[in-house]
Amino acid sequence: MTATTRRPALDRLLSPRSIAMVGASNSPTRIGGTVFANLLRAFPGDVYPINPKDEVVQNRPAFRTVSELPEAVDMAVIAVPAPAVVGVVAECAARGIGGATVITSGFAEAGPEGRALQDRLTEVSRETGIRVVGPNCIGYMNAHEGVMANFMMTVDQPLPQPGPVALVSQSGGFGSYITNKAVLAGLRLGWFVSTGNEADVNVANVLRHLVERPEVGVLLSFVETLRDPEVFVETACRAAELDKPLVLLKAGRSEEAARAAMSHTASIVGSAQVLDAVCRQYGVFVASTMEELLDFGTIFQDGRRARGNRVIVMTSSGGAGVLLADEAGQAGLSVPELPKEEQTALAADMPLPFYGSTVNPVDTTAQTTAMPDAYRKVLNRVAASPSADMVAAVTWAGPGPGNDAIVEMYQNTDKPVAILSTAWSEQFQQAGVPTYTDPRRAMAALAALARQSARRPLPPDPARFTADADRVRRVRELIAGTGGETTLLESTGKSILAMYGVPVTREELVTDVDGAVEAAERVGGPVAIKVMSYQLPHKSDVGAIRLGLRGPDAVRAGYREMLAEVARRAPDAVVEGVLVQQMAPARLELTCGLQRDPVFGPMVALGLGGVLVEVLSEAVLLRPPFDADTARAALGELLGGRLVTGRRGLSEAEQQAAAQVMAGLGVLALELDEVTEVDVNPLRVADGVVLAADALIVVDHG
Ligand SMILES: CC(=O)SCCNC(=O)CCNC(=O)[C@H](O)C(C)(C)COP(=O)(O)OP(=O)(O)OC[C@H]1O[C@@H](n2cnc3c(N)ncnc32)[C@H](O)[C@@H]1OP(=O)(O)O
């Protein structure tokens, strides 16, 4: 075994030291001709063409088959017709090749026959250990090591300058777009990997690989579906740990788009809302447009961080300054007034007409172009101001002293800078100055940077979670006692919730009227009584509930009336007992639940009262494991923060208690796979206490 074959297969695939291309062609118009020409452009190692007909391909001696190669290369690019691909990949594996990049289309995206071919490809990869990027991809670019294994660029296009930005995308077409746009946006793209149909390697695998690479500082990704959510979450945790921003642009958010994605890269699309929540929880940025994905890459690529969210706006145009200040506010940044002594110093640097301003935005007015030295001083003073964490500056001018001054200011400060410019500027691009043509985009980028800079505690590592075996055994005994019913009685559900620290109403299950009267006395105060029957999950529909009964006579009468009504309206219902329950006070009603997402698994939601499904858009969603502190911070985001602020919002104690309920459901979700759904509704809040007043648990007995 050589040193090269001992490297992990994914390393060999993405950082090859030698390459072969199957389907390399002499014809410059064929894909096999373009990819091979690109491979020859910058790669320092050996590149072997494989072609059954031609002895020489693009001036390189060709081999007829993979088996004839003089060495076990690290990676093979494959661009032969679809029916030949599986055989070629198997031959590569047999020859000791570490990975294959399969460009060819005609797999799962092309119907059942293609699907079968792709399944075979996956099998070959699993059986032999060869790693496969694609099929149906545009290839990849690793500019740091000169690997241009793609046809997204032609040989007459300049090679990208290797930079810290890595982009991983299922869609290959996006690669062409991004490489062209990257040049215009000043994005220094060092890596682009298109994963196509993902027969083996998927977006999450590549991100996980790249996050560890020292030359990668920013990870951008464009996905239609996340096939490996666990790896994605692990990558997000690692990216947070290494302070490398991870930005996701997700296609397929609507049903219409989901259908298109299915036929495009054969994806199954998960819930967009859950994905957004997971991203928020793990510190992943969600870009809403392609432009935003690039904008975030542009602001992050110089590696600067902000100490806070205060931005100083420098402008020579009053209107642009106001727009920038507006957008800063919208994006959650502050534009603080500069202290008097700083304003005096600025005015001394550049005497301003009465319509100028030193307050912030600092408006140096149209005279700026005529006073380049003064402008330079002002810019540098502003950037050095202790009142500024970030600088936004406007330039309407083309190349000249004004823009020179901006570049100088950028180079003199380590604070993040965003420039609002009328047009693309080669000067700014070469100096790496983040440049935007729209105030909103500039401020959204700075706001993202401020968020990345405010380091949060890392979410708990899912691998470290340990279940409480004794509790699990006790819960399973309770579930077994239901005789195979899938929706548990409220009384059973509450007993289970109590074991997870969820505060529940005081209550007792009784089987006769005298028992109810005695239980009501022990529970104390006015009580609710509810019929427990597996046939009646919706009790109020058939009168199986009475509320606010005070004293023995009311309990006795209520009990009899209720059972008579149920016997009349639901004669087939088997009554298991009657639950006598404390009336929980409520200033506010919340709802808390657990659902299992097909992609991300358990998700705990908390929102305002009502039916959980209906309020999900007003709910916070967390993926277990998470602790009560995380839940509490998430509650702070609900209703734009209004749930935890103001007189009618949750008090400190209530926030803590609600967070504990979420954390409890999170632990339950991890300990009990068979619980498919929990709905605590309402969760009543009053006087510093939260109480589960009703609960529905659904189990899958397997
Ligand atoms: C844009 C996006 O969204 S992502 C991109 C997704 N991918 C694509 O769009 C690719 C679509 N095209 C395909 O899939 C095609 O099948 C291709 C490009 C892989 C091959 O198409 P063609 O070039 O027409 O196939 P062709 O039969 O000519 O074979 C290509 C070359 O491989 C050679 N070849 C064929 N079979 C083999 C084999 N088993 N071993 C070695 N060489 C072979 C051929 O001789 C030919 O070379 P030549 O030009 O010297 O004759």
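Both ligands and their constituent atoms are indexed starting at 1 by order of listing.
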For ligand 1, which is the ligand I care about here, please tell me if Ile103 has any N or O atom under 3.5 Å from one of the ligand's N or O atoms. yes
Would Arg213 and Ser15 satisfy side-chain hydrogen bond (donor to acceptor under 3.5 Å, both in side chains), going step by step from the backbone distance to the final call? CA-CA 11 Å; Arg213 305 254 334 167; Ser15 293; 3.1 Å; yes
May I ask you to list the atoms of ligand 1 that are less than 4.0 angstrom from any heavy atom of Ser105? 6 (C), 7 (N), 8 (C), 9 (O), 10 (C), 11 (C), 13 (C), 14 (O)
Looking at Ile31, Thr104, Thr65, the heavy atom closest to atom 19 (C) of ligand 1 belongs to Thr104
Of the listed options (Val88, Val85, Asn26), which comes nearest to atom 39 (N) of ligand 1 when hydrogens are ignored and any heavy atom counts? Val88
Is any NZ, NE, NH1 or NH2 atom of the basic residue among Arg208 and Asp228 found under 4.0 Å from an Asp or Glu carboxylate oxygen of the other? no
Name the orientation class of the two ring planes belonging to Phe174 and Tyr177 (parallel below 30°, tilted from 30 to 60°, perpendicular beyond 60°). parallel
OG1 (Thr65) and CG (Asn51) are apart, to the nearest 0.5 Å, by 11.5 Å
List ligand 1 atoms under 4.0 Å from Asp54, heavy atoms only on the residue side. 50 (O)
As an exercise, state the distance from CG of Leu39 to CE of Met21, rounded to the nearest 0.5 Å. 6.5 Å
What's the spacing between His209 NE2 and Leu10 CG if we round to 0.5 Å? 5.0 Å
Examine Arg304 relative to Tyr410 and say whether NZ or CZ is less than 6.0 Å from the centre of the six-membered ring and inside a 45° cone about the ring axis. yes
Using distance alone, determine whether Arg64 and ligand 1 share an N or O pair under 3.5 Å. no
Indicate yes or no for a side-chain donor-acceptor contact from Gln301 to the backbone of Arg188 under 3.5 Å, with no hydrogens or angles considered. yes
Of the choices Pro52, Ala24, Pro49, which has the non-hydrogen atom that lies closest to atom 42 (N) of ligand 1? Pro52
Test of proximity, Arg30 against ligand 1: N or O pairs below 3.5 Å: yes
Of all the heavy atoms in Ala79, does at least one lie under 4.0 Å from an atom in ligand 1? yes
Less than 4.0 Å is my threshold; does some heavy atom of Ser171 fall inside it relative to ligand 1? no
Does Ser169 offer a backbone N or O that forms a donor-acceptor pair with the side chain of Ser171 under 3.5 Å? no
Consider ligand 1: state whether an atom of it lies below 4.0 angstrom from any non-hydrogen atom of Phe174. no
Taking the minimum heavy-atom distance to atom 47 (O) of ligand 1, which of Asn136, Asn51, Val57 ranks first? Asn51
Ligand 1 N/O within reach of Ser25 N/O, cut-off under 3.5 Å: yes
Does ligand 1 have an atom that lies less than 4.0 angstrom from a heavy atom of Gly106? no
